[in-house]
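Notes to accompany the following structure.
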Number of protein chains: 4
Amino acid sequence: MPNDLDTTPRKQPAQARARATVQAILDATAQVLVEQGYDRATTNVIARRAGVSIGSLYQYFPNKEALVTALAERHMAEMATMLVREVGLLRTRRLPEAIRALIEALLRAHAVEPALHRVLIEQVPRLSGLEQVANMDRMFVELIRRELEQREERLRPGDLELAVFLLVHAVQGITHAAVFECPGALGDGRLAQEITDLVLRYLVAE
Amino acid sequence: MPNDLDTTPRKQPAQARARATVQAILDATAQVLVEQGYDRATTNVIARRAGVSIGSLYQYFPNKEALVTALAERHMAEMATMLVREVGLLRTRRLPEAIRALIEALLRAHAVEPALHRVLIEQVPRLSGLEQVANMDRMFVELIRRELEQREERLRPGDLELAVFLLVHAVQGITHAAVFECPGALGDGRLAQEITDLVLRYLVAE
Amino acid sequence: MPNDLDTTPRKQPAQARARATVQAILDATAQVLVEQGYDRATTNVIARRAGVSIGSLYQYFPNKEALVTALAERHMAEMATMLVREVGLLRTRRLPEAIRALIEALLRAHAVEPALHRVLIEQVPRLSGLEQVANMDRMFVELIRRELEQREERLRPGDLELAVFLLVHAVQGITHAAVFECPGALGDGRLAQEITDLVLRYLVAE
Amino acid sequence: MPNDLDTTPRKQPAQARARATVQAILDATAQVLVEQGYDRATTNVIARRAGVSIGSLYQYFPNKEALVTALAERHMAEMATMLVREVGLLRTRRLPEAIRALIEALLRAHAVEPALHRVLIEQVPRLSGLEQVANMDRMFVELIRRELEQREERLRPGDLELAVFLLVHAVQGITHAAVFECPGALGDGRLAQEITDLVLRYLVAE
DNA sequence: TATGAATGAGAGTTCATTCAT
DNA sequence: TATGAATGAACTCTCATTCAT
């Protein structure tokens with residue numbers, strides 16, 4: 001499944017007008033992607049939705065893939081922003097509170113644009129470099145790993161590597177299912193609590 | 001994301017030769033899907049790979065979507081077959097053994113054609129009936145729910161509905177991650193053991 | 001000026017109908033090329049002129065360049081056919097008659113489709129591997145070289161390599177000019193005679 | 001091959017700065033044409049190479065064709081300048097020396113920017129006024145004709161019209177071949193000598 | 001019934017050119 | 001006057017699908 005297109009954006013918009021155009025294009029991409037899916041999201045439709053000519057779109061993005069990649073990166077960055085705040089505080093907390101806080105932050109991050117997140121996850125992995133979105137989740141939960149290693153002796157599982165693999169993907173699976181099936185539940189504290197329970201009971205003996 | 005095509009296969013192949021043709025087409029579809037990805041899997045390439053003319057392909061499948069749907073159904077049925085055996089035995093076992101057995105069966109089922117499972121999950125744009133694959137996993141783990149309800153009083157979680165949602169998607173997330181990232185581990189007993197631990201510790205109070 | 005497209009035809013037409021289609025496409029290419037020039041000869045226009053859908057065109061030719069290359073090859077082959085007859089006889093003749101015969105054959109070959117030859121020469125050299133047409137002329141006059149080497153001692157020029165370079169391109173320049181400016185003169189015996197004179201007076205000392 | 005664009009430059013640059021801009025644009029055109037070929041030489045690329053905005057380019061040239069035409073005219077004028085010097089002296093010389101001098105001048109003129117000359121000849125699709133380059137060569141060797149008519153009685157060929165046609169295109173063919181295939185040879189005296197031989201032996205009996 | 005040649009809507013993309021700033 | 005963002009007609013090419021043989 002090679003996919004060798006260059007996805008680096010074509011030029012940085014310098015003037016304010018150009019920046020607005022790029023924003024409009026990315027917004028339109030998100031909308032059309034969510035409404036129509038990847039295949040039906042043609043560059044011409046996106047341009048029209050953005051109120052911009054097709055030529056303008058290609059001034060800033062060398063191809064469709066680059067466009068979606070840029071959108072994914074923007075989305076990722078937004079989610080990451082919501083998480084970094086929390087991360088700094090982890091060290092200062094005891095395990096249960098740390099886990100709980102992380103999971104709440106993760107759910108909040110997924111609650112921002114769940115429909116877009118879904119379409120990026122679901123339809124876009126055919127694109128090259130687009131593990132980014134997946135990486136997003138992964139990178140984030142890599143944090144769990146570091147935290148856990150710090151407190152290794154107090155933890156139950158023998159193989160911490162395996163434990164992290166399990167937890168990362170368990171939490172991710174639950175989160176994505178919530179995004180897909182009942183986005184409303186993302187903000188519900190009970191979900192966060194329950195996930196925290198799942199994680200903690202697995203990690204800590206008794 | 002409307003998807004209004006008729007995906008019912010065109011005709012039931014009556015003769016043995018016709019059945020063989022259909023099998024060949026589905027096999028070719030699986031191969032090309034795995035090797036090239038969904039977008040590059042054109043109907044003409046699939047027909048050639050199947051050693052069949054494009055016209056014959058369309059004799060049995062009204063469109064590409066029906067073709068992929070049929071493949072997904074076949075794949076699903078194969079996985080289901082591996083699970084039903086186990087299901088009958090659940091009642092006769094105590095919870096830990098029941099869970100363990102189910103999870104092992106699930107992992108074995110995913111180990112059969114992990115690459116195909118992956119491409120069906122990841123790349124196939126949401127086909128009309130193609131939540132089927134997702135449903136597959138879901139339907140299967142629906143069993144967990146029935147089992148759990150039977151033993152509700154001995155379980156820790158208050159909201160069993162929520163608990164099942166969590167476990168289903170946690171296990172699914174882990175399983176798919178294993179399929180994607182280290183298919184080899186699917187047969188490894190340690191993974192099954194660890195997942196069982198995760199589930200049991202969540203379900204049962206110390 | 002790289003031009004890295006694969007110009008090998010896509011598939012050999014097997015059925016008679018397909019062979020007719022390919023012929024029609026090549027004929028249309030020649031017509032449109034002559035009437036409109038290379039840039040205006042779009043694949044859609046060529047297909048329409050051939051009375052064939054654009055899809056059919058691309059069944060047999062992977063891209064526009066391959067199409068023109070195939071036409072050039074066909075044209076070349078036709079010209080070559082007209083020359084090989086003459087070539088066999090060279091050995092049996094004395095120098096003046098040999099030269100005269102060759103030049104007459106060359107002029108006759110250029111007289112077949114001068115307008116097409118012109119457009120291929122003029123507009124097409126931007127295409128990769130399309131030195132073919134130029135090669136055509138070159139290859140042909142390579143014969144002169146071999147002939148001359150056989151009779152080297154009776155010839156005036158000291159540096160035969162240089163002499164051949166001169167004559168080849170002199171004759172080519174004259175021929176193409178005749179094609180471009182007065183295609184009618186190609187069949188005129190006086191032109192052949194005069195070119196023969198030019199060549200012979202240069203080659204043979206009084 | 002209609003070609004109905006207006007190729008007259010848009011305005012004569014009056015100020016020195018404007019003249020410099022025009023020069024820069026023409027220089028850039030020549031560079032890009034040589035480096036990338038006609039098709040890849042887009043107006044935007046040329047403007048950037050010239051260090052000028054695309055808007056400025058269109059201030060001086062109404063369209064791409066006018067741009068290339070202007071470049072061709074400049075190139076032609078430069079070559080012509082190198083030749084006129086020689087022309088004045090023709091009358092004062094005897095035939096062999098006159099021919100030799102002309103041919104040397106012609107080769108020198110082609111040696112100045114052979115790569116540009118080649119690309120203008122080869123790749124530039126027939127622009128409205130772009131027989132100019134061809135005319136260049138032609139116009140120049142028109143001189144030969146006048147000279148020859150002056151000395152008609154001492155010459156061998158009966159039909160001088162035809163003889164001139166032959167010689168003009170023979171010399172042109174050789175010159176262009178040298179430009180294309182071994183630009184180095186243009187300065188080599190042996191080539192000039194040999195061409196002179198070819199011409200003289202054709203023109204003069206014994 | 002099987003074949004594969006033929007179809008054509010529509011996709012992505014380019015680039016000469018315009019025009020508001 | 002100079003800028004460069006914006007334009008959009010037009011291009012090449014794909015691929016699911018049809019239908020004459």
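The figures here come from the full heavy-atom set of this structure, side chains too, leaving out hydrogens, waters and symmetry mates. All of these numbers come straight from a predicted model, not from anything done at the bench.
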Does [X] put a side-chain nitrogen or oxygen below 4.0 Å from OP1 or OP2 of [N]?
{"X": "C:Lys11", "N": "E:dG4", "result": "no"}
{"X": "A:Arg48", "N": "F:dG8", "result": "no"}
{"X": "D:Gln59", "N": "F:dA2", "result": "yes"}

[N] [atom2] sits how many Å from [X] [atom1], rounded?
{"X": "C:Ile46", "N": "F:dC11", "atom1": "CD1", "atom2": "C1'", "answer": "12 Å"}
{"X": "A:Leu57", "N": "E:dT13", "atom1": "CG", "atom2": "P", "answer": "9 Å"}
{"X": "A:Tyr60", "N": "E:dT14", "atom1": "OH", "atom2": "P", "answer": "16 Å"}
{"X": "A:Gln15", "N": "E:dT21", "atom1": "CD", "atom2": "C1'", "answer": "8 Å"}
{"X": "A:Arg19", "N": "F:dA6", "atom1": "CZ", "atom2": "P", "answer": "12 Å"}
{"X": "C:Gln23", "N": "E:dA5", "atom1": "CD", "atom2": "P", "answer": "16 Å"}
{"X": "D:Gln36", "N": "E:dC15", "atom1": "CD", "atom2": "C1'", "answer": "14 Å"}
{"X": "C:Ile25", "N": "E:dT7", "atom1": "CD1", "atom2": "C1'", "answer": "13 Å"}

Just jot down the side chain to side chain donor-acceptor pair (under 3.5 Å) partners of [X], sequence neighbours excluded, or say none.
{"X": "B:Glu113", "value": "none"}
{"X": "C:Gln15", "value": "none"}
{"X": "A:Thr21", "value": "none"}

Restricting both atoms to N or O, compile the protein contacts to nucleotides 8-12 of chain E shorter than 3.5 Å, with distance only.
| unit_1 | atom_1 | unit_2 | atom_2 | d |
| --- | --- | --- | --- | --- |
| E:dG8 | N7 | C:Gly55 | N | 3.3 |
| E:dG12 | OP1 | A:Lys64 | NZ | 3.2 |
| E:dG12 | OP2 | A:Thr43 | N | 3.0 |
| E:dG12 | OP2 | A:Thr43 | OG1 | 3.2 |

Residues that B:Gln23 engages under side chain to side chain contact (heavy atoms under 4.5 Å, CB included), provided they are two or more places apart: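 B:Gln23: side chain to side chain contact (heavy atoms under 4.5 Å, CB included) contacts with B:Arg74.
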
Say you draw a straight line from [atom1] of [X] to [atom2] of [Y]; how long is it, rounded to the nearest 0.5 Å?
{"X": "C:His75", "Y": "C:Ile121", "atom1": "NE2", "atom2": "CD1", "result": "7.5 Å"}
{"X": "B:His117", "Y": "B:Met76", "atom1": "NE2", "atom2": "CE", "result": "11.0 Å"}
{"X": "D:Lys64", "Y": "D:Thr42", "atom1": "NZ", "atom2": "OG1", "result": "7.0 Å"}

Do the side chain of C:Asn44 and the main chain of C:Ile54 share a donor and acceptor less than 3.5 angstrom apart? no

Note: for B:Val52 and C:Ala18 on DNA chain E, the residue whose nearest nucleotide lies more 5' is B:Val52

Minimum side-chain heavy-atom gap B:Val68-B:Leu120 below 4.5 Å: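 Yes, side chains in contact.
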
For a quick check of understanding: with a heavy-atom distance under 4.0 Å over all strands, which category does C:Phe61 fall into, base, sugar-phosphate or nothing?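 Nothing, no nucleic acid heavy atom in range.
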
Can you give me the dot-bracket string for DNA chain F, 5' to 3', counting Watson-Crick and G-U wobble pairs with both distances under 3.5 Å, using [ ] for crossing pairs and | for partners on another strand? .||||||||||||||||||||

